[in-house]
Each structure stands twice: as structure tokens, then as C-alpha cells.
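The structure under discussion appears below in the form of C-alpha cells.
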Amino acid sequence: MLTGCSRQYSAERAFYQASKYSADIFKDPKNIPPFKFGKAIDDFQELINTYPETAQATESYFKIGNLLVLQDKYPEALAQFRKIMAQYPGKK
């Protein structure tokens, strides 16, 4: 039980940090250098890889998709949103 709680806390903390880093991107995407988008996406992807069973992993897929939309990368964003539907069919 303690391992599960610790894992959940770690996932929440990682999501908070990734969301905090990406907050400026969502506020003003046109004035953000491309490397910040890449780092934000990498941070969320790392969370997905490390904590795939958590709610934060699902939210991370959404965040990545939204970051791709902000970059006008619509096919990649659509693929990201489809991953959510494929990996979490019961949570539509």
C-alpha cells in the first residue's frame, strides 16, 4: 500500500512540475522558442512512461496533444488523442 501511495505522489509531483514548466507556453505560445515545446513534451512523455497507470499519465497525453495543436502539428496531435482512446477505452 505504501508503495502505491508513494508512486501516486511521485506521479502527481512530476505532473505538477511538467505543468508548471508548460504554463508559459499555454499563456503565450507564439512567443515561446521551439526548444521549450520540446522539453515540455518530453517531460510529459517521461511521466507517461514512468507512471502509465495513473490519472496523470492520461492528463499528460492531453497536454502533449494540446502542445502539438499550439504548434500547428495537427496530425501529430490527432495521433496523440487517439492514443488516449486506445490505451484508456473505458475512460472516454
Side-chain angles (χ1 to χ4, degrees):
M1 181 174 148
L2 291 176
T3 304
C5 292
S6 174
R7 194 158 169 77
Q8 179 62 36
Y9 174 75
S10 296
E12 289 172 6
R13 195 171 95 197
F15 186 77
Y16 171 78
Q17 290 171 343
S19 295
K20 185 176 175 184
Y21 181 83
S22 66
D24 290 340
I25 296 171
F26 286 107
K27 287 180 188 172
D28 190 14
K30 299 299 180 197
N31 293 318
I32 299 296
F35 76 88
K36 281 196 81 161
F37 281 95
K39 178 170 177 357
I41 289 170
D42 290 346
D43 288 349
F44 286 116
Q45 188 61 53
E46 183 178 336
L47 189 149
I48 291 166
N49 295 340
T50 307
Y51 308 103
E53 73 287 349
T54 64
Q56 289 76 22
T58 308
E59 285 295 317
S60 292
Y61 278 114
F62 276 111
K63 293 277 191 172
I64 292 171
N66 289 329
L67 287 164
L68 291 167
V69 166
L70 292 175
Q71 296 178 81
D72 299 327
K73 295 180 179 179
Y74 301 113
E76 293 95 336
L78 183 58
Q80 193 67 30
F81 294 132
R82 286 189 174 144
K83 282 181 189 179
I84 300 168
M85 292 171 44
Q87 291 193 322
Y88 306 99
K91 296 184 178 184
K92 292 181 181 176

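Computed from a predicted model, the values in this text were never measured in an experiment. Sequence positions, counted from 1, serve as the residue numbers for this chain.
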Provide the closest heavy-atom pair for [X] versus [Y] in the form atom of the first, atom of the second, distance.
| X | Y | value |
| --- | --- | --- |
| Ala77 | Gly65 | CB-O, 3.5 Å |
| Leu47 | Ala11 | CD1-O, 3.6 Å |
| Ile25 | Lys36 | CD1-O, 3.5 Å |
| Pro52 | Ala57 | O-CB, 3.7 Å |
| Asp28 | Ile32 | O-CG1, 3.1 Å |

Other residues, nucleotides and ligands only: do more than 12 of their heavy atoms fall within 6.0 Å of CD on Glu46? no
Min side-chain heavy-atom separation [X]-[Y] under 4.5 Å:
| X | Y | result |
| --- | --- | --- |
| Phe37 | Leu68 | no |
| Gln80 | Glu76 | no |
| Phe44 | Ser22 | yes |
| Ile64 | Gln45 | yes |

Any donor-acceptor N or O pair under 3.5 Å, side chains Glu12, Gln8: yes
Nearest 0.5 Å, please: how far is [atom2] in [Y] from [atom1] in [X]?
| X | Y | atom1 | atom2 | value |
| --- | --- | --- | --- | --- |
| Asp24 | Asn31 | CG | CG | 11.0 Å |
| Thr50 | Gln56 | OG1 | CD | 12.5 Å |
| Leu67 | Lys39 | CG | NZ | 12.0 Å |

Chi angles and distances behind the side chain to side chain contact (heavy atoms under 4.5 Å, CB included) call for Ile48, Lys83: CA-CA 12 Å; Ile48 291 166; Lys83 282 181 189 179; over 6 Å; no
Consider only side-chain heavy atoms of I, L, V, M, F, W and Y, link residues closer than 4.5 Å, and tell whether Phe26 and Phe15 are in one cluster. yes
Say whether Phe62 and Ile41 are linked into one hydrophobic cluster, either directly or through other cluster members, by side-chain heavy-atom distances under 4.5 angstrom.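 Yes, one cluster joins them.
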